[in-house]
Amino acid sequence: MKLATWNVNSLTVRLPQVLDWLMTNQVDVLVLQELKMTDDKFPLQAFQQIGYEGHCFGQKTYNGVALLSRSPATEVVRNIPGFADDMARVISADVNGVRVIGGYFPNGQEPGSDKFEYKRNWLKGLRNWVREELAKNPRLVLMGDYNITFDDADVWDPVGLKDTIHCTEEERYHLRALIALGLNDAYRLFPQTPKSYSWWDYRDFGFRRNRGLRIDHILISDALKPLATSCLIDRTPRKNERPSDHAPVMLELLQP
DNA sequence: ATGCCTCAGCTCCTGAGA
């Protein structure tokens, strides 16, 4: 079973690349972030034509998430139950006996800002809900654009970016608190090339210079950990002519 | 401190992203 996450930065612009990537990689589940479109614009038919069903939780201009799968997705839930949120950031479903949660975590803009306060509250709300979900569904995957680095290994310039957004101790605390619920950073379960990132700034040739951050993550529950066989970041789509600033992250699991 | 780049939209500038 292959699962993946990708922040596409506008599904309108990136649809041809997403279809191409799905046909090449044949993943069973793909969660998307930053659709930047309302539900009525979601290109469901295009996904159906290549063998996927899709569930969308969209919003005008900003945010927006979706879950695509080859097998039926059931028990589809939008947003975080118990956490009131105006923004479309989370979609979850059961697929092949796995509870899959796709999330677009708040950016936070800058420590001390209103948006950082929102990020803090959102992370707490997410954690409280994921704790309950894990109790009900031991086989759980939480993946998406976390907008948080785990540590310096996830940052191209840890000195220059110390304590800046995505790299603050407080954000990293929230990430570790998710791990403490019984989740594992799938990427680090396997040997990886040093300086591997999932996002590169569009500006200043960020990708060409490999000036990036690893902020897109796949967390898997303790029950799934022994079933994981690989986890990788696919940089190929970042080389496209009009790429998203994020690359997809992919996990392979033995079918539970 | 800002621009650098990209995208959406009440579009020829602005806000937001990260």
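The figures that follow rest on heavy atoms only: side chains count, while hydrogens, waters and symmetry mates do not. In what follows, chains are A, B, ... by sequence order, proteins preceding strands, each numbered from 1.
- A:Y173 OH: 12 or fewer foreign heavy atoms inside a 6.0 Å radius.
- Looking at heavy-atom distances under 4.0 Å, A:F105 makes no contact with the nucleic acid at all.
- The nucleotide whose nearest atom lies closest to any side-chain atom of A:Y202 is, among B:dG9, B:dA18, B:dG17, B:dG17.
- Put simply, A:S10 has a side-chain N or O that comes within less than 4.0 Å of OP1 or OP2 on B:dA8.
- Annotation: B:dC10 and B:dC5 have their C1' atoms spaced 24 Å apart (nearest Å).
- Counting any heavy atom pair closer than 4.0 Å across all strands shown, A:N7 reaches sugar-phosphate atoms only and no base atom.
- The number of heavy atoms from other shown groups lying within 6.0 Å of CD (A:E169) is above 12.
- The side chain of A:E34 approaches B:dG17 more closely than any other nucleotide in the set B:dG17, B:dC7, B:dC4.
- With rounding to whole Å, A:F207 atom CZ is found 18 Å from B:dA18 atom P.
- Look at CG on A:D204: it is 13 Å from C1' on B:dT6, rounded to the nearest Å.
- Between B:dT11 and B:dA16, the distance separating the two C1' atoms is 16 Å to the nearest Å.
- Rounded to whole Å, the separation between the P atoms of B:dC13 and B:dA1 comes to 27 Å.
- Listed for the A:Y202 side chain is a donor-acceptor partner under 3.5 Å among the backbone atoms of A:D245.
- To the nearest whole angstrom, the two P atoms, one in B:dC12 and one in B:dT2, are 23 Å apart.
- The OH atom of A:Y104 sits 8 Å away from the C1' atom of B:dA18 (whole-angstrom rounding).
- In this model, the phosphate group of B:dA18 is not approached by any side-chain N or O of A:Y146 to a distance below 4.0 Å at OP1 or OP2.
- Judged by distance alone, with hydrogens and angles left aside, the side-chain atoms of A:W199 form no donor-acceptor pair with the main-chain N or O of A:G212 at under 3.5 Å.
- Taking atom CD on A:E110 and atom P on B:dA16, their separation rounds to 13 Å, with Å as the unit.
- The P atoms of B:dT14 and B:dC4 are separated by 14 Å, rounded to the nearest whole Å.
- To the nearest angstrom, P of B:dA16 lies 17 Å from CG of A:D201.
- A donor and an acceptor atom sit less than 3.5 Å apart, one in the side chain of A:N107 and one in the base of B:dA18.
- Heavy-atom nearest nucleotides on DNA chain B were determined for A:V13 and for A:D145, and the one closer to the 5' end corresponds to A:V13.
- Considering only the side chain of A:H246, B:dA18 comes nearest among B:dA16, B:dA18, B:dC4.
- Under a 3.5 Å cut-off, the side chain of A:E252 and the backbone N or O of A:T229 do not form any donor-acceptor pair.
- Of all nucleotides listed (B:dA16, B:dA8, B:dA18), B:dA18 comes nearest to the side chain of A:W199.
- Using a 4.0 Å heavy-atom distance criterion, A:K41 is classed as making no nucleic acid contact.
- The shortest distance between the side-chain N/O atoms of A:N9 and the OP1/OP2 oxygens of B:dT6 is not below 4.0 Å.
- Atom pair A:Y62:OH and B:dT14:P shows a separation of 14 Å (rounding to whole Å applied).
- Taking only side-chain atoms of A:K60, from C-beta outward, the nucleotide of B:dG9, B:dA18, B:dA8 with the closest atom is B:dG9.
- Of the possible donor and acceptor atoms, one in the side chain of A:Q255 sits under 3.5 Å from a partner among the backbone N and O of A:N96.
- A close approach under 4.0 Å does occur between a side-chain nitrogen or oxygen of A:K115 and OP1 or OP2 of B:dA16.
- Listed for the A:K195 side chain is no donor-acceptor partner under 3.5 Å among the backbone atoms of A:N210.
- When heavy atoms are screened at a 4.0 angstrom cut-off, A:R14 is found touching the sugar-phosphate backbone but no base atom.
- The residue among A:L35 and A:Q109 whose nearest nucleotide of DNA chain B lies closer to the 5′ end is A:L35.
- In this structure, A:R203 places its CZ atom 14 Å from P of B:dC7, rounding to the nearest Å.
- One can place NZ of A:K119 at 9 Å from P of B:dA18, the figure rounded to the nearest angstrom.
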